[in-house]
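Position 1 is the first residue of the sequence, and the numbers go up from there.
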Amino acid sequence: MNADASYNHRLEQALDLQKRYLDDAALPRVKSEFESLHGTFQNFRNVLLRKSLVREDPYKEEQKISEIELPPNTEIGELEKADQLGLRLSMFDSQLDFLLRFYQFSTDFLTLKRIKLLLGLTKFIHWDNLSTTSTQINTRVLAEMVGKVRGGSDTFSVQVINNAQNQLAEACNKIVRALKTLSTHHRERYKLEVRRSVIDLLNLQEPA
């Protein structure tokens with residue numbers, strides 16, 4: 001076995017071990033984090049709905065979803081914030097529900113394309129930097145609404161909002177780290193296939 005073939009064999013073994021770890025341990029935890037994210041987000045959103053700071057999407061139940069679609073992140077007019085942010089939060093909720101119902105949390109199913117969608121979904125709101133000066137539009141507008149809750153006298157709602165934000169930030173950070181590991185796995189697997197199909201095919205030899 002030449003040096004290239006030996007390296008490829010060792011790399012394949014390492015990738016196979018990592019795949020088993022991802023499928024058996026890491027990705028089930030990612031699904032669990034998404035479940036936690038979904039439940040916590042619903043508690044967070046319900047506070048805003050109760051306070052009439054955002055509005056429910058009246059057509060939410062009529063949506064037909066066949067693949068993850070990221071909510072818009074375009075500018076929102078001052079008079080449209082309650083409606084437009086409400087629609088985007090509702091869409092985020094629906095996407096999480098679809099994800100948990102129909103996605104398979106395995107290395108084979110979670111391709112690089114789907115990983116990109118999931119990363120975009122977890123970054124829909126920058127929960128660890130919920131600020132009115134954020135450059136991310138949805139985060140900035142949501143921070144304005146949250147500021148109104150925190151500026152009120154309803155201490156229970158403030159506590160729910162604060163606890164939920166911390167939990168959402170923690171869950172998203174864990175998901176992102178795991179998805180980046182999965183992304184690296186796919187890229188290394190791709191490079192291995194390239195070595196085999198191109199470099200090994202050429203059977204390059206060291207000059208005598």
Quick check for you: to the nearest 0.5 Å, what is the distance between [X] atom [atom1] and [Y] atom [atom2]?
X: L48; Y: M145; atom1: CG; atom2: CE; value: 8.0 Å
X: L85; Y: S90; atom1: CG; atom2: OG; value: 11.0 Å
X: I76; Y: E144; atom1: CD1; atom2: CD; value: 9.0 Å
X: L112; Y: K116; atom1: CG; atom2: NZ; value: 10.5 Å
X: E193; Y: L15; atom1: CD; atom2: CG; value: 9.5 Å
X: L70; Y: F92; atom1: CG; atom2: CZ; value: 10.0 Å

Inset, instruction - Output yes when K19 and E12 qualify as a salt bridge under the 4.0 Å nitrogen-oxygen rule, no when they do not. - result: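 Between E12 and K19 there is no salt bridge, as every charged N stays at least 4.0 Å from the carboxylate O atoms.
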Legend entry - NZ/NE/NH1/NH2 to OD/OE distance under 4.0 Å, R55 and E80: no
Connected via hydrophobic side-chain network under 4.5 Å: [X] and [Y]:
X: F41; Y: L99; value: yes
X: M91; Y: I65; value: no
X: L22; Y: L117; value: yes

Legend entry - ring-ring contact (aromatic ring centres under 6.0 Å, His included) involving F109 - partner list, sequence neighbours excluded: Y103
Inset, instruction - Could you tell me which residues satisfy ring-ring contact (aromatic ring centres under 6.0 Å, His included) with Y21, sequence neighbours excluded, listed by chain and number? - result: none
Using modelled atom types and a 3.5 Å cut-off, is there a donor and acceptor pairing between side-chain atoms of [X] and backbone atoms of [Y]?
X: N138; Y: P72; answer: yes
X: S183; Y: L179; answer: no
X: D93; Y: Q42; answer: no
X: T139; Y: T135; answer: no

Inset, instruction - Give a yes or no on this: more than 12 heavy atoms of other residues, nucleotides or ligands lie within 6.0 Å of atom CG of L79. - result: no
Inset, instruction - Give the intermediate values and the outcome of side-chain hydrogen bond (donor to acceptor under 3.5 Å, both in side chains) for residues R177 and T181. - result: CA-CA 6 Å; R177 286 196 296 270; T181 298; over 6 Å; no
Can you give the donor-acceptor pairs under 3.5 Å from side chains of residues 120-129 to other protein atoms, not counting sequence neighbours?
{"from": "T122", "atom 1": "OG1", "to": "L118", "atom 2": "O", "distance (Å)": "3.3"}
{"from": "T122", "atom 1": "OG1", "to": "L119", "atom 2": "O", "distance (Å)": "2.9"}

Inset, instruction - Could you list the residues that satisfy side-chain hydrogen bond (donor to acceptor under 3.5 Å, both in side chains) with K31, not counting sequence neighbours? - result: none
Inset, instruction - List in chain and number order the residues that pass side chain to side chain contact (heavy atoms under 4.5 Å, CB included) with L87, two or more places apart in sequence or in another chain; answer none if no residue qualifies. - result: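 For L87 the side chain to side chain contact (heavy atoms under 4.5 Å, CB included) partners, ignoring immediate neighbours, are D57, Q84.
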Legend entry - Check against side chain to side chain contact (heavy atoms under 4.5 Å, CB included), R88 and V54: CA-CA 10 Å; R88 295 177 189 191; V54 298; over 6 Å; no
Legend entry - R114/T111 under side chain to side chain contact (heavy atoms under 4.5 Å, CB included): CA gap, chis, key distance, verdict: CA-CA 5 Å; R114 288 191 171 116; T111 60; 3.7 Å; yes
Legend entry - F98 and F102 aromatic ring geometry - parallel, tilted or perpendicular at 30°/60° bounds: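 Aromatic pair F102/F98 classed tilted.
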For the residue pair [X] and [Y], what are the closest heavy atoms and their distance?
X: R140; Y: S134; result: NH1-O, 3.0 Å
X: S131; Y: A143; result: C-CB, 3.4 Å
X: V149; Y: K51; result: CG2-CG, 4.4 Å
X: H38; Y: L96; result: CD2-CB, 3.7 Å
X: L49; Y: E56; result: CD2-N, 3.7 Å

Inset, instruction - Could you check if a side-chain atom of R20 sits within less than 4.5 angstrom of a side-chain atom of L17, using non-hydrogen atoms only? - result: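 Touching, per the 4.5 Å side-chain cut-off.
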Inset, instruction - Determine, stepwise, if the pair F44 / I161 fulfils side chain to side chain contact (heavy atoms under 4.5 Å, CB included). - result: CA-CA 6 Å; F44 183 98; I161 286 287; 3.7 Å; yes
Ignoring hydrogens and angles, write down the donor-acceptor pairs under 3.5 Å from the side chains of residues 168-176, residues two or more places apart or on other chains.
{"from": "E170", "atom 1": "OE2", "to": "K174", "atom 2": "NZ", "distance (Å)": "3.4"}
{"from": "N173", "atom 1": "ND2", "to": "A169", "atom 2": "O", "distance (Å)": "3.2"}

Inset, instruction - Might you work through the side chain to side chain contact (heavy atoms under 4.5 Å, CB included) test for K191 and L11, ending with a clear yes or no? - result: CA-CA 10 Å; K191 286 191 285 187; L11 178 57; over 6 Å; no
